[in-house]
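The structure appears below as structure tokens.
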2 protein chains.
Amino acid sequence: MKDKTTFIRQKISDSTIRRLSIYLRTLIILEKGGTVTISSRKLADIEGFTSAQIRKDLSYFGSFGRRGLGYNVKALKKRIAEILGTNKKWDIILIGIGRLGSALMNYEEFKGRGFHIKKLFDKNPELIGKKINGITVNSVDQLEKKVNPKRESLAILAIPPQDVQSLIERLNLIGIKGVLYFASRTVTVPKSMIVRNEDTTVELETLTYHITNRTDRPVKPM
Amino acid sequence: MKDKTTFIRQKISDSTIRRLSIYLRTLIILEKGGTVTISSRKLADIEGFTSAQIRKDLSYFGSFGRRGLGYNVKALKKRIAEILGTNKKWDIILIGIGRLGSALMNYEEFKGRGFHIKKLFDKNPELIGKKINGITVNSVDQLEKKVNPKRESLAILAIPPQDVQSLIERLNLIGIKGVLYFASRTVTVPKSMIVRNEDTTVELETLTYHITNRTDRPVKPM
DNA sequence: AATTGTGAAACTTTTCACAGCA
DNA sequence: TGCTGTGAAAAGTTTCACAATT
């Protein structure tokens, strides 16, 4: 095998990275359930992908399986976490402690995946200074003073759409590397940053598209 | 032009559908801001796509622009909403009225996009019978009795991972067509349903992957 | 002069199919 | 025998480039 672990020599597609994350969440459950070994075929049946796709996705990063046997669940889980960078902990700052922000603070899944919300910011004077889950809420005006980009490299924005662009620019100047925001809005992304958007209306509209345009039915009957 | 409005004769990729939804959210803002006409080039600059991509995406469904001029914002917005099926209203049932569920109930964006949360379900006895935003919370045990799949064709599940699979099966039997769930878990999807998963850990892990594996840096220096 | 709509080309991703190995 | 790892083929998606149109 060519040495794929030293350098990423090939652009890996975003679809592959997303699937690796999906394999990882399933492997965590399988390990808890006591499964020791899994074949690409069995994992494919669970995920609804093809076994070739799983083997191909993994092959970009090395060969982790054993011919005739399959993959060791614990070892594969560890290797995918290494690839995704989640073998180490990630400290996160959360901006916006409304309903969505509070939901994220209490999201059980984060802990098991190495994500830790460490600092809280809001612009609501009633919240500033309060302790939530043991963390003091800072004023968003104090962002530049309170964030330590050496420790915290990720930010989650649970704020209204009109505030997202300016905060991304401030976070970029501070040195934050990655941002996830939930507002239904397009933003301009600084080149030194990676920004993702999770937009529930986009998800719902893919549902309504497929329901409205069932492949075998006319779209606009005449 | 071949008549593309009568039947969908070609499989449209999910990426195209997602981009249409993204164009739509921008067109809504542009229209509010008073923009009458937009070229594929200007829209591309806003979205960070290429103009050819935008024209190609639209061309699958017809020709909505005017050569030399561009697209009428209001007309294009209307046509994309028709394609996505959001020119008509969609009634949604929401299961799980915790922090995330409450955030979704108060999500301003839904109203302007034709999404209306009409029925609420939870398994917490303290919530059942209470009115939230004018809607009574039902017991999830009453799902089959209270849901009218003629009216409500979409469900949003804001519930713990272990409850998602069984609810998808119950919703399928009731006749719900589309489901969006947020839990970090793979589920088996009945063929007659469309199910989407929005998993924040997947989004965060694409961030950590890119930060960890910056294309020009060694991944595992030796 | 500006910009769409679109075939064709280029590129990317997935699937196939089988050699190689436990 | 069973299952991985992977080149090669197939399928799918994006970009190019330009005729057509306002």
Side-chain angles (χ1 to χ4, degrees), chain A residues 1-5 8-23 27 30 35-73 75-77 79-80 83 206 215, chain B residues 1-5 8-20 22-23 27 30 35-73 75-77 79-80 83 206 209 215:
Chain A
M1 187 203 68
K2 283 156 267 160
D3 182 359
K4 293 181 184 171
T5 57
I8 298 283
R9 60 203 57 214
Q10 188 176 5
K11 211 210 158 269
I12 307 297
S13 79
D14 219 65
S15 316
T16 290
I17 300 308
R18 297 179 72 85
R19 281 192 300 267
L20 288 177
S21 174
I22 288 169
Y23 306 154
L27 291 168
L30 287 171
T35 306
V36 174
T37 299
I38 192 152
S39 66
S40 59
R41 181 62 137 96
K42 277 193 207 139
L43 186 55
D45 289 346
I46 295 171
E47 306 293 14
F49 305 138
T50 66
S51 62
Q53 174 124 80
I54 291 176
R55 294 197 303 279
K56 186 61 108 181
D57 284 341
L58 297 174
S59 79
Y60 296 130
F61 300 95
S63 38
F64 313 135
R66 297 226 288 155
R67 288 164 202 241
L69 280 166
Y71 302 86
N72 176 280
V73 169
L76 185 58
K77 192 194 107 189
R79 287 299 283 119
I80 295 179
I83 293 164
T206 66
T215 43
Chain B
M1 189 203 68
K2 283 155 268 160
D3 182 359
K4 294 180 183 172
T5 57
I8 298 282
R9 60 202 58 211
Q10 188 177 3
K11 209 209 161 268
I12 308 296
S13 79
D14 218 65
S15 316
T16 290
I17 300 308
R18 297 179 72 86
R19 281 192 299 267
L20 288 177
I22 288 170
Y23 306 154
L27 291 167
L30 288 171
T35 307
V36 175
T37 297
I38 191 153
S39 66
S40 59
R41 180 61 137 97
K42 277 193 206 139
L43 185 55
D45 288 346
I46 296 171
E47 306 292 14
F49 304 139
T50 66
S51 62
Q53 175 124 79
I54 292 176
R55 295 197 302 279
K56 186 59 106 181
D57 284 341
L58 297 173
S59 79
Y60 296 129
F61 299 95
S63 38
F64 313 135
R66 299 227 287 156
R67 288 164 201 240
L69 280 166
Y71 302 87
N72 177 280
V73 170
L76 185 57
K77 191 194 108 188
R79 287 299 284 119
I80 295 179
I83 292 163
T206 66
Y209 170 78
T215 43

Once side chain to side chain contact (heavy atoms under 4.5 Å, CB included) is applied, do any residues pair with [X], and if so which ones, sequence neighbours excluded?
X	answer
A:Ser13	A:Ser15, A:Thr16
B:Ala52	B:Thr50, B:Arg55
B:Asp14	A:His210, B:Arg18, B:Arg196

Item to check | Sequence-aligned protein contact record of nucleotides 17-22 of chain D, with B where the base is within under 4.0 Å of a protein heavy atom and S where only the sugar-phosphate is | outcome: B-BBBB
So, is [X] near the phosphate of [N], with a side-chain N or O under 4.0 Å from OP1 or OP2?
X	N	value
B:Ser63	C:dT4	no
B:Ser40	C:dT3	no
A:Tyr71	C:dA22	no

Item to check | Test salt bridge (Lys or Arg N to Asp or Glu O under 4.0 Å) applied to A:Lys77 - qualifying residues, sequence neighbours left out | outcome: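 Partners of A:Lys77 under the salt bridge (Lys or Arg N to Asp or Glu O under 4.0 Å) test: A:Glu31.
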Item to check | A:Arg67: partners by salt bridge (Lys or Arg N to Asp or Glu O under 4.0 Å), with sequence neighbours left out | outcome: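 Once residues adjacent in sequence are excluded, A:Arg67 has no partner under the salt bridge (Lys or Arg N to Asp or Glu O under 4.0 Å) criterion.
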Expressed in angstrom and rounded to an integer, what is the separation of [X] atom [atom1] from [N] atom [atom2]?
X	N	atom1	atom2	result
A:Arg41	C:dT15	CZ	P	13 Å
B:Asp57	D:dT14	CG	C1'	10 Å
B:Ile38	C:dT3	CD1	C1'	13 Å
B:Ile54	D:dT15	CD1	P	11 Å
B:Leu43	C:dA2	CG	P	20 Å
A:Phe61	D:dT6	CZ	P	13 Å
B:Asp45	C:dT3	CG	P	11 Å

Item to check | side-chain hydrogen bond (donor to acceptor under 3.5 Å, both in side chains) partners of B:Gln53, counting only residues at least two apart | outcome: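 Partners of B:Gln53 under the side-chain hydrogen bond (donor to acceptor under 3.5 Å, both in side chains) test: none.
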Item to check | side-chain hydrogen bond (donor to acceptor under 3.5 Å, both in side chains) partners of B:Tyr71, counting only residues at least two apart | outcome: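 B:Tyr71 satisfies side-chain hydrogen bond (donor to acceptor under 3.5 Å, both in side chains) with no other residue.
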Checklist entry - Which part of the nucleic acid, if any, lies within reach of B:Ser51 when heavy atoms closer than 4.0 Å are counted: base, sugar-phosphate only, or nothing? => result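 B:Ser51: no heavy atom of the nucleic acid under 4.0 Å.
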Item to check | From CG (B:Leu27) to CG (B:Leu76), nearest 0.5 Å | outcome: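 It is 5.0 Å, given to the nearest 0.5 Å.
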Checklist entry - Taking the side chain of B:Lys56 as heavy atoms from C-beta outward, which of C:dA8, C:dT4, D:dG5 is closest to it? => result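 Out of C:dA8, C:dT4, D:dG5, the nucleotide with an atom closest to B:Lys56's side chain is C:dA8.
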Show me the protein contacts with nucleotides 11-13 of chain C, counting only N or O atoms at under 3.5 Å.
none

Next on the checklist: Using every non-hydrogen atom in the two residues, find where A:Thr37 and A:Leu69 come nearest and quote the distance to one decimal.
Outcome noted: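 Taking every non-hydrogen atom into account, CG2-O, 3.4 Å.
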